[in-house]
Chemist: 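This is the structure I want to talk about, given as structure tokens.
In listed order, ligands and their atoms are each counted from 1.
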Amino acid sequence: MKKLYSALMTAFNEDGTVNSQGIREMVRYNIDVNHIDGLYVGGSTGEAFMLSTEEKKLIFKTAFDEANGAIDLIAQVGSLNLLEAKALAKYVTDLGYKKISAVTPFYYNFKFDEIKHYYDEIVKDVDNKLIIYSIPALTGVALTTDQFAELFENPKIIGIKYTNADFYLLERVRNRFPDKLILSGFDEMLLPALALNVDGAIGSTYNLNAKRAKAEMNAFEAGDIAKARQLQKDSNDLITALIQNDIYPSLKLVMEEMGIHAGYTKEPMSHPTPEMKAGAKEIYQKYLK
Ligand code: NGF
């Protein structure tokens, strides 16, 4: 059975501080209404790369407490500061997270040996399993099939969060590592990823659109490709509208329309303009009601 994970957002107050109550509401909504299989905590959608270590810890703890064992949780601990990544890996493991993940280190054009060292170090002192977070469009780091193979030599490294539109590489990786966990990261490309036999998906828009995405997965599994294609089209109408309205603040504005206190994005991401607010209201009415 393929699994669907929402990439958890972080609710911020207008001044950029973390709003724990808003995080709790989003966790609850994902469990009670979306019936989600799990949450990816501290990733891009969580705006984690703009946060302090203490803020990240608060978010990991709040999500863990609120979920209370009901769903699978993956903690994204990757950071350009390897000492921070290691400390967070230990922190979330001690809390009880059963899976961790780490973005490929970015910005400094690290050599592959350095990337391998980074992953081996993150898992070295923790009894946990790690999913590589590969997102070349944002990191500039595009790992090859052979490089994934080298990272998988470490038995604690169990899979890939594959946020990449390279389906040739996805096919190569899927077939070379049939036992590894591969979770697709681009919501608008869920159907082609399912066709290549991913184990599930993680994404930002599932916070709002889990029901349709699950129906698509079920239709695909049942061999009803026409239905799956129609559902992907419907999802992509929603995703396109979100992107055109500025996706990060809009995801939160639409959640607010649904009565969930998702709060603000963190600057330098934009705060909502009146036009964005009107756009989000329209998106909710048109695609989600
Ligand atoms: O936010 C991005 C940036 N991608 C997310 C997802 O892959 C990131 C994706 O859902 C994520 O899950 C996380 O780390 O928190 C997109 O928002 C969606 O497909 C719309 O393009 O690429």
Side-chain angles (χ1 to χ4, degrees), residues 3-12 23 26-27 30 34 36-51 56 59-60 63 72-79 85 88 99-106 130-142 159-167 170 181-194 198-210 212-213 216-217 231-255 262 265-266 269-270 280 283 287:
K3 300 265 194 271
L4 191 70
Y5 293 77
S6 290
L8 186 67
M9 290 182 260
T10 303
F12 293 100
I23 295 172
M26 288 189 281
V27 173
N30 269 295
N34 286 339
I36 207 78
D37 296 303
L39 291 172
Y40 191 76
V41 186
S44 315
T45 305
E47 302 170 57
F49 304 110
M50 296 181 282
L51 301 183
K56 291 178 190 178
I59 293 161
F60 287 134
D72 194 25
L73 295 178
I74 305 172
Q76 194 298 121
V77 300
S79 163
L88 289 174
K99 292 189 191 77
I100 59 175
S101 179
V103 71
T104 49
F106 50 94
L130 181 138
I131 297 168
I132 300 158
Y133 181 7
S134 177
I135 180 163
L138 294 187
T139 57
V141 181
I160 310 169
K161 173 180 180 323
Y162 190 89
T163 307
N164 190 350
D166 183 342
F167 289 100
L170 178 56
L181 187 66
I182 302 183
L183 298 165
S184 167
F186 272 132
D187 317 5
E188 55 277 49
M189 300 174 210
L190 174 61
L191 186 54
L194 290 172
V198 292
D199 300 295
I202 299 173
S204 63
T205 64
Y206 305 134
N207 285 285
L208 311 175
N209 194 39
R212 203 177 269 135
E216 178 179 331
M217 283 175 152
L231 287 162
Q232 184 71 66
K233 185 235 169 245
D234 294 345
S235 291
N236 286 0
D237 289 345
L238 163 69
I239 295 169
T240 303
L242 285 166
I243 292 170
Q244 284 171 350
N245 204 53
D246 197 343
I247 187 162
Y248 284 97
S250 296
L251 286 165
K252 291 180 172 177
L253 286 168
V254 175
M255 289 230 99
T265 41
K266 189 168 168 82
M269 281 196 191
S270 13
I283 290 169
Y287 302 108

Chemist: Do D37 side-chain atoms and L4 backbone N/O form a donor-acceptor pair below 3.5 Å?
Modeler: yes
Chemist: Taking all non-hydrogen atoms of both residues, which atom of S44 and which atom of Y133 are closest, and how far apart?
Modeler: OG-OH, 2.6 Å
Chemist: Please list every donor-acceptor pair under 3.5 Å in which a side-chain atom of residues 200-209 meets a protein atom from a residue at least two apart or in another chain.
Modeler:
{"unit_1": "T205", "atom_1": "OG1", "unit_2": "D187", "atom_2": "OD2", "d": "2.5"}
{"unit_1": "N207", "atom_1": "OD1", "unit_2": "N30", "atom_2": "ND2", "d": "3.0"}
{"unit_1": "N207", "atom_1": "ND2", "unit_2": "A7", "atom_2": "O", "d": "2.9"}
{"unit_1": "N207", "atom_1": "ND2", "unit_2": "S204", "atom_2": "O", "d": "2.8"}
{"unit_1": "N209", "atom_1": "OD1", "unit_2": "R212", "atom_2": "NH1", "d": "3.0"}
{"unit_1": "N209", "atom_1": "ND2", "unit_2": "S235", "atom_2": "OG", "d": "2.9"}

Chemist: What distance separates L251 CG from M9 CE, expressed to the nearest 0.5 Å?
Modeler: 5.0 Å
Chemist: Checking S101 against K99: is there a side-chain donor and acceptor pair closer than 3.5 Å?
Modeler: no
Chemist: Just to be sure I understand the cut-off, which residues have at least one non-hydrogen atom under 4.0 angstrom from an atom of ligand 1?
Modeler: A7, Y40, G43, S44, T45, Y133, I135, L138, K161, T163, G185, F186, D187, E188, I202, G203, S204, I247, Y248
Chemist: So do Y287 and V254 actually touch side chain to side chain, heavy atoms under 4.5 Å?
Modeler: no
